[in-house]
K.L.:
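Sharing a structure below in structure tokens format, with a few things to ask.
We number each residue from 1, following the sequence as shown. Just so we're clear, the structure is a prediction, and the values are computed from it rather than from any experiment.
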Amino acid sequence: MTAQRDHHDISTLVSRLFRALDAREFADGWANGYFADDVRTTTPVGDAGGADAVRHAEVAVGRFARTQHIASDVLVDVGGDGERATASWNALMVHVHHDSTLRERGEGANPLFTVGGVYETELRRTPGGWRISRMDVRAVWTTGEPPVVTG
């Protein structure tokens, strides 16, 4: 029963993280429910750790007017001690460009930037539940253009 419960808990963590990103629920301390304090991330935005990793996530979704992250095929493997786990999943990430981006690109600009990718994570069991301690995001394919990044 523990393996099923851990899989459920980690899958739910993934779903809640994606929903929080899409809803932009970034109140102070929002990431504490998802990430370990010393989290390390590698994403298309760059490599970061701790609070910087959280800011990278906020900045990444802020480059778009709206986003929708969909996770599927979550695979979980809990280590023998029951305190560490790995999880991976496929993701479809749809990003809607800001109107300003579309105006800059001109008439007929594609409003969407869509990414199919894979997440690879390491997790730690904490008193508050599972938390992501390492997260690697890899784009497998894209359609549309990435956002306009200034400064």
K.L.:
Do E120 and S88 touch side chain to side chain, with heavy atoms closer than 4.5 Å?
P.N.:
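Of all side-chain heavy-atom pairs linking S88 with E120, at least one is under 4.5 Å.
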K.L.:
Is it the case that more than 12 heavy atoms not belonging to R19 sit under 6.0 Å from its CZ atom?
P.N.:
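It does not: R19 CZ has 12 such atoms or fewer within range.
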K.L.:
Could you pull out the closest heavy-atom pair between L112 and V94, with the gap in Å?
P.N.:
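Minimum heavy-atom contact is CD2-CG1, 4.1 Å.
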K.L.:
Roughly how far, to the nearest 0.5 Å, is CG of L17 from OG1 of T12?
P.N.:
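Here the interatomic distance stands at 12.5 Å.
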K.L.:
OG1/T86 to CG/L123 distance, rounded to the nearest 0.5 angstrom?
P.N.:
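Here the rounded value is 8.0 Å.
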K.L.:
Can you confirm whether D37 is buried at CG, in the sense that more than 12 heavy atoms of other residues, nucleotides or ligands lie under 6.0 Å from that atom?
P.N.:
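Atom CG in D37 is not crowded, with 12 or fewer foreign heavy atoms closer than 6.0 Å.
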K.L.:
Could you list all the salt bridge (Lys or Arg N to Asp or Glu O under 4.0 Å) pairs where at least one residue sits in residues 126-149, not counting sequence neighbours?
P.N.:
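Non-adjacent pairs meeting salt bridge (Lys or Arg N to Asp or Glu O under 4.0 Å): R105-E145, R134-D136.
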K.L.:
Rounded at 0.5 Å granularity, tell me how far CG in D77 sits from CG in D6.
P.N.:
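The CG atom of D6 is 10.5 Å from CG of D77, to the nearest 0.5 Å.
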K.L.:
Would you say the side-chain atoms of R63 pair up with the backbone N or O of P146, donor to acceptor, closer than 3.5 Å?
P.N.:
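Such a contact is absent between R63 side chain and P146 backbone.
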K.L.:
Closest heavy-atom contact between F113 and T142?
P.N.:
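Heavy atoms only, the tightest pair is CE1-CB, 3.9 Å.
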K.L.:
Is the backbone of V137 close enough, under 3.5 Å, to the side chain of T43 for a donor and an acceptor to pair up by distance?
P.N.:
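Pair absent, no side-chain N/O of T43 close to backbone of V137.
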K.L.:
Among the clusters formed by ILVMFWY side chains lying less than 4.5 Å apart, do V96 and V115 turn up in the same one?
P.N.:
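Different clusters: V96 never reaches V115 through Ile, Leu, Val, Met, Phe, Trp or Tyr contacts under 4.5 Å.
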K.L.:
How close do N110 and G144 get, heavy atom to heavy atom, and via which atoms?
P.N.:
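Minimum heavy-atom contact is ND2-CA, 3.8 Å.
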K.L.:
If we only count heavy atoms from C-beta on, is the P147 to T101 side-chain gap below 4.5 Å?
P.N.:
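No; the side chains remain at least 4.5 Å from each other.
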K.L.:
Are V118 and L92 linked, directly or through intermediate hydrophobic residues, by side-chain heavy-atom contacts shorter than 4.5 Å (ILVMFWY only)?
P.N.:
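Linked within one cluster.
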K.L.:
Counting N and O atoms only, with roles assigned by atom type, does the side chain of H98 sit under 3.5 Å from a partner on the main chain of G62, one being a donor and the other an acceptor?
P.N.:
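Such a contact is found between H98 side chain and G62 backbone.
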K.L.:
When rounded to the nearest 0.5 angstrom, what is the spacing between OG1 in T126 and CZ in F35?
P.N.:
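The CZ atom of F35 is 13.5 Å from OG1 of T126, to the nearest 0.5 Å.
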K.L.:
So F64 and H95, would you call those rings parallel, tilted or perpendicular, with 30° and 60° as cut-offs?
P.N.:
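Tilted, since the angle between the ring planes falls between 30° and 60°.
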K.L.:
Any chain of hydrophobic side-chain contacts (each under 4.5 Å) joining L13 to V61?
P.N.:
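L13 clusters together with V61.
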K.L.:
Taking all non-hydrogen atoms of both residues into account, name the closest pair between W89 and A71 and its distance.
P.N.:
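Closest approach of W89 to A71: CD1-CB, 3.6 Å.
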K.L.:
Is the shortest heavy-atom distance from the side chain of L21 to the side chain of M93 under 4.5 Å?
P.N.:
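The answer is no; the side chains never approach within 4.5 Å.
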K.L.:
Look at the side-chain heavy atoms of Ile, Leu, Val, Met, Phe, Trp and Tyr, link any pair under 4.5 Å apart, and say whether W30 and V14 land in one connected group.
P.N.:
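Yes, W30 and V14 fall within the same hydrophobic cluster.
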K.L.:
Testing the basics here: between I132 and M135, what is the closest heavy-atom pair and its distance to 0.1 Å?
P.N.:
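Of all heavy-atom pairs spanning I132 and M135, the closest is CG2-CB, 3.9 Å.
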K.L.:
How long is the span from the CD atom in E104 to the NE2 atom in H97, to the nearest 0.5 Å?
P.N.:
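NE2 of H97 is found 11.0 Å from CD of E104.
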K.L.:
Is any side-chain heavy atom of Y34 closer than 4.5 Å to a side-chain heavy atom of V39?
P.N.:
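They are not in contact (no side-chain heavy atoms under 4.5 Å apart), so the answer is no.
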K.L.:
Atom CG in D9, atom CH2 in W130: separation rounded to 0.5 Å?
P.N.:
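Rounded to the nearest 0.5 Å, the CG-CH2 separation comes to 9.0 Å.
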K.L.:
Please name the pair of heavy atoms, one in A20 and one in F26, separated by the smallest distance, quoted to 0.1 Å.
P.N.:
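Scanning both residues completely, I find the closest heavy atoms to be O-CE2, 4.2 Å.
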